[in-house]
Participant: 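One structure, pasted below without further comment.
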Protein chains: 4
Amino acid sequence: MSPRTEEQFASMREKSKELLMDTALQLFSKKGFHSTSISQITNEAGVAKGILYHYFKSKEELLVAIIQKGTNELQSLFLEAFKAENPREQLEQMIRVTVKAMKEQKLYWQLFSSLITQMHDNKIIEDILKPLTQQSIILMEGLFSKLGKKNPKMEAIAIAALFDGIGLHYLFVMDDYPIDEITEFIIEKILGNQSDTK
Amino acid sequence: MSPRTEEQFASMREKSKELLMDTALQLFSKKGFHSTSISQITNEAGVAKGILYHYFKSKEELLVAIIQKGTNELQSLFLEAFKAENPREQLEQMIRVTVKAMKEQKLYWQLFSSLITQMHDNKIIEDILKPLTQQSIILMEGLFSKLGKKNPKMEAIAIAALFDGIGLHYLFVMDDYPIDEITEFIIEKILGNQSDTK
Amino acid sequence: MSPRTEEQFASMREKSKELLMDTALQLFSKKGFHSTSISQITNEAGVAKGILYHYFKSKEELLVAIIQKGTNELQSLFLEAFKAENPREQLEQMIRVTVKAMKEQKLYWQLFSSLITQMHDNKIIEDILKPLTQQSIILMEGLFSKLGKKNPKMEAIAIAALFDGIGLHYLFVMDDYPIDEITEFIIEKILGNQSDTK
Amino acid sequence: MSPRTEEQFASMREKSKELLMDTALQLFSKKGFHSTSISQITNEAGVAKGILYHYFKSKEELLVAIIQKGTNELQSLFLEAFKAENPREQLEQMIRVTVKAMKEQKLYWQLFSSLITQMHDNKIIEDILKPLTQQSIILMEGLFSKLGKKNPKMEAIAIAALFDGIGLHYLFVMDDYPIDEITEFIIEKILGNQSDTK
DNA sequence: AATGAATGAGCCTTCATTCAT
DNA sequence: AATGAATGAAGGCTCATTCAT
């Protein structure tokens, strides 16, 4: 019963905050941002309603915090891709990591997809979410360029679209989406046969 | 003095209904279904709030009516694709028509995308919107099969994902998306070179 | 196709008016005044909504018209009671006619009961409906007086309450109310045995 | 500074809930359920509109809560009647308690009367309110039987009707209803003279 | 930090009434 | 007289946010 140390407080604080963010992520991605109420989040998390406002200024700031956490987690996943030794493998890794992210971070991916299609013109989406795609296109363009592709930009744009489309179908449209099969199919098609480079 | 005829009433009804559906489509696709209020729709349309409920039982039925109109319009566009003479051209037409639809029916496409990512478990989405993708995959699978592709199903699933991804990027992510360039690039890639057929 | 005569118009007019009043009576007594909408009435009657306002200034005036028609019909029923030759038979007739009215004019009786318990302080109820009870008490008091009862006023008040209570139970509370049996029981009790007069 | 205790919250809740129920009872019984709006209730109670929905899921649930409170209060009143020693006195007490209830719980009695005449087919009315009358008839039938009446069931039905009628006239029809006088008159009539027992 | 009662703006919807034809 | 589209006030209800303790 000794007074708690600063760190303990900080850790409790961090724990409640995380709990709320996790709960909100689940609800937001399952039911949508607008259809999830603060009460639902705090009920589900087992805390009082008011406490949410100790950690987040508003429902929207909670969303922003979740988005930021999500992008961080996704980006750290993507760092793995660049441990690969050559452009071909880096590209393969980017694809594999993307698919891994869809499978392991379903909730974030679902949330982000719904936000992008619903909250155009929203500053946060504009500043955080949309650049993610742009960045990966630029990265891939560089890799395709190194691989000697004729039109690396189009290659990159196409692959980006392809995997965002796969994510859409996997997460929202088809129940038994053959995500692994399609991934291998595409990797083989793009990277398996080097003969179409010039 | 004499009462209006049946047809006069019918045309008034049709006009008002269209006006409301068009206005709602714009707002739904721009701001999202949940963030659009009935008042906004009727204000924008320049009519009294109550009139909406003469034409639609509820906000959700209004949405359904819009979805149905949208799918009809899209499907009649797709019929064009099958005037083509051979599988190769049919496939090309399917792609071109898809892109044409994205460009000419932006609002419907945006709305449908946002609904799919937001309203999982909703019956209408489940019954009307999701099957659209399934159908086009089956159609394309048949065509790829006729073209002698080794794995027509994967080809179809990939193309479907690719173009839904393109739609996503074109409509929501990038402001100057090179939609025509990417379309030609892909058509050339898939159909220009027949050498990979068996 | 000769132009309709004035009378024909008047009769059509009267017919539509009656139709609306009958339909409204049914709905008001079944679902209550507040829970019945103008649309329901005109739909049920098979006429256009606007037409109701040709005949009645407002929903409330429609109600008043129905009330007046109802009280007229009930009062003409009660005139029968006074064809009886002596006070004893007149009283018996009053009771029998009351019960007959409950059975044959269920709808009016139901409507009136609900209005009395719901629209206190409403002028129409105050002026038309409440006096009905008062009048019959005065009438019965006179008859009991002629019969030589010690306290004719209390006798009258009691009988009035008794039969309004019977109406309540018959129309609203019990499904197989033994209305005829209880009526005979009471008539026998009050009038069968003259020995308790003094 | 420290958060309120469980009990403090409970007492706040109880107080607010009672306030709302009391206010609603007054308005419902004066103006009727349908003619009373939530705003009126909360205005009258001096609280914000939204708070009502912390305590009651809907306007109808508020009504149910009031009905249940009312029936409880009425039934506890009726328990008094059975402290009497013999059937004759128990009957007298039942009558006196009924009249006492009408006078002291005017609002509940008015509300119940209006609900019975207005909300046929409503489950709550059907399950809670209608049985009240049935029960008291059965009770009285037993007592009349013990008193040796020839037709105890009819006696009971008649007394039940009589006092519901008296309630109707007292509460809704006549301004200076001689409720005490009529009560004594009836008690004397039914119970004062034992000579008609067998 | 924690609680949950309280607020009030705003939502979807209904409906009596009006009106042009 | 007849039609039904249009109006707009008001109703029930939800919910992000605040606040006293």
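Lettering of chains follows the sequences in order, A, B, ..., and the numbering in each one begins at 1. Treat the numbers as computed from the prediction; the structure is a model and nothing was measured.
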Participant: In whole angstrom, give the distance that lies between atom CD of Glu18(D) and atom C1' of dA5(E).
Facilitator: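 Computing the Glu18(D):CD to dA5(E):C1' distance gives 17 Å.
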Participant: Taking C-beta and beyond as the side chain, do Ile66(B) and Lys69(B) meet within less than 4.5 Å on heavy atoms?
Facilitator: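 The answer is no, as the side chains (C-beta and beyond) never meet within the 4.5 Å cut-off.
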Participant: Output every pair passing salt bridge (charged side-chain N to carboxylate O under 4.0 Å, His left out) with a member in residues 29-57 of chain B, not counting sequence neighbours, ordered by first then second residue.
Facilitator: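 Pairs touching residues 29-57 of chain B that pass the test: none.
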Participant: For Gln26(A), enumerate each residue passing the side-chain contact (heavy atoms from CB on, under 4.5 Å) test, keeping only those at least two apart in sequence or located in another chain.
Facilitator: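 Listed in chain order: Leu107(A).
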Participant: Return the value, rounded to whole Å, for the distance between atom CZ of Phe9(B) and atom C1' of dG4(F).
Facilitator: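 Rounding to the nearest Å, CZ of Phe9(B) and C1' of dG4(F) are 5 Å apart.
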Participant: Under the rule for side-chain contact (heavy atoms from CB on, under 4.5 Å), what residues qualify as partners of Val64(A), not counting sequence neighbours?
Facilitator: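 With sequence neighbours excluded, Val64(A) shows a side-chain contact (heavy atoms from CB on, under 4.5 Å) to Gln68(A), Ile124(A), given in chain and number order.
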Participant: Can you check the His54(D) NE2 to dG8(E) C1' distance for me, whole Å?
Facilitator: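 The answer, rounded to whole Å, is 12 Å.
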Participant: What's the CE-P distance between Met12(D) and dG4(E), to the nearest Å?
Facilitator: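 One finds 11 Å between P of dG4(E) and CE of Met12(D), rounded.
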Participant: Any ring pair (Phe, Tyr, Trp, His ring centres under 6.0 Å) pairs touching residues 10-48 of chain D, not counting sequence neighbours?
Facilitator: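 Every pair satisfying ring pair (Phe, Tyr, Trp, His ring centres under 6.0 Å) with a residue in residues 10-48 of chain D: Phe28(D)-Phe33(D).
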Participant: Taking only residues two or more places apart in sequence, or in another chain, which ones meet Thr71(A) in a side-chain hydrogen bond (donor to acceptor under 3.5 Å, both in side chains)?
Facilitator: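 Residues passing side-chain hydrogen bond (donor to acceptor under 3.5 Å, both in side chains) with Thr71(A): none at all.
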Participant: Base, sugar-phosphate, or nothing: which does Phe56(C) touch, judged by heavy atoms less than 4.0 Å apart?
Facilitator: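 Touches nothing.
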Participant: Please report the shortest heavy-atom distance between Leu20(C) and Val47(C), naming the atom on each side.
Facilitator: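 Closest approach of Leu20(C) to Val47(C), heavy atoms only: CD2-CG2, 3.8 Å.
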Participant: Report the distance from atom OH of Tyr55(D) to atom C1' of dT7(E), rounded to the nearest whole Å.
Facilitator: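 Taking OH of Tyr55(D) and C1' of dT7(E), I get 12 Å after rounding.
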Participant: Does Tyr53(D) or Ser16(B) map to a spot on DNA chain F nearer the 5' end, using the closest nucleotide for each?
Facilitator: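 Nearest nucleotide further toward 5': that of Ser16(B).
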Participant: Starting from C1' on dA5(F), measure out to CG on Leu19(B) and report it in whole angstrom.
Facilitator: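 These atoms are roughly 14 Å apart.
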Participant: Separation of Lys15(A) atom NZ from dA2(E) atom P, in whole Å?
Facilitator: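 After rounding, the gap between these two atoms is 12 Å.
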Participant: Excluding sequence neighbours, so at least two apart, what forms side-chain contact (heavy atoms from CB on, under 4.5 Å) with Ser113(D)?
Facilitator: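 Partners of Ser113(D) under the side-chain contact (heavy atoms from CB on, under 4.5 Å) test: Thr117(C), Trp109(D), Phe172(D).
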Participant: Would you mind reading off the distance between Glu6(D) atom CD and dT3(E) atom P, rounded to a whole angstrom?
Facilitator: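 Spelled out: CD on Glu6(D) to P on dT3(E) is 11 Å.
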Participant: Check this one for me: any side-chain N or O of Arg13(B) less than 4.0 Å away from OP1 or OP2 of dG4(F)?
Facilitator: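 For Arg13(B), the contact criterion (side-chain N or O under 4.0 Å from OP1 or OP2 of dG4(F)) is not met.
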Participant: Residues in side-chain hydrogen bond (donor to acceptor under 3.5 Å, both in side chains) with Glu126(C), at least two apart?
Facilitator: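 For Glu126(C), the residues satisfying side-chain hydrogen bond (donor to acceptor under 3.5 Å, both in side chains) (neighbours in sequence not counted) are Lys130(C).
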Participant: Given that both pair distances must be under 3.5 Å and the pair must be Watson-Crick or G-U, what runs of three or more consecutive pairs involve DNA chain E?
Facilitator: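 Runs of three or more consecutive pairs: E:2-21 with F:2-21.
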Participant: For DNA chain F, find the residues of residues 28-52 of chain C with a heavy-atom distance under 4.0 Å and give them by number; none if there aren't any.
Facilitator: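 Heavy-atom contacts with DNA chain F come from Ala48(C), Lys49(C), Gly50(C), Ile51(C).
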Participant: Taking side-chain contact (heavy atoms from CB on, under 4.5 Å) as the definition, give me every residue that meets it alongside Ala65(A), ordered by chain and number, with sequence neighbours left out.
Facilitator: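 For Ala65(A), the residues satisfying side-chain contact (heavy atoms from CB on, under 4.5 Å) (neighbours in sequence not counted) are Met21(A), Phe56(A).
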Participant: Please name all residues satisfying salt bridge (Lys or Arg N to Asp or Glu O under 4.0 Å) with Lys106(B), sequence neighbours left out, ordered by chain then number.
Facilitator: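 Per chain and number, Lys106(B) pairs via salt bridge (Lys or Arg N to Asp or Glu O under 4.0 Å) with no residue.
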Participant: What parts of residues 57-65 of chain A reach DNA chain F, counting only heavy atoms under 4.0 Å away?
Facilitator: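 Within residues 57-65 of chain A, the residues near DNA chain F are Ser58(A), Lys59(A).
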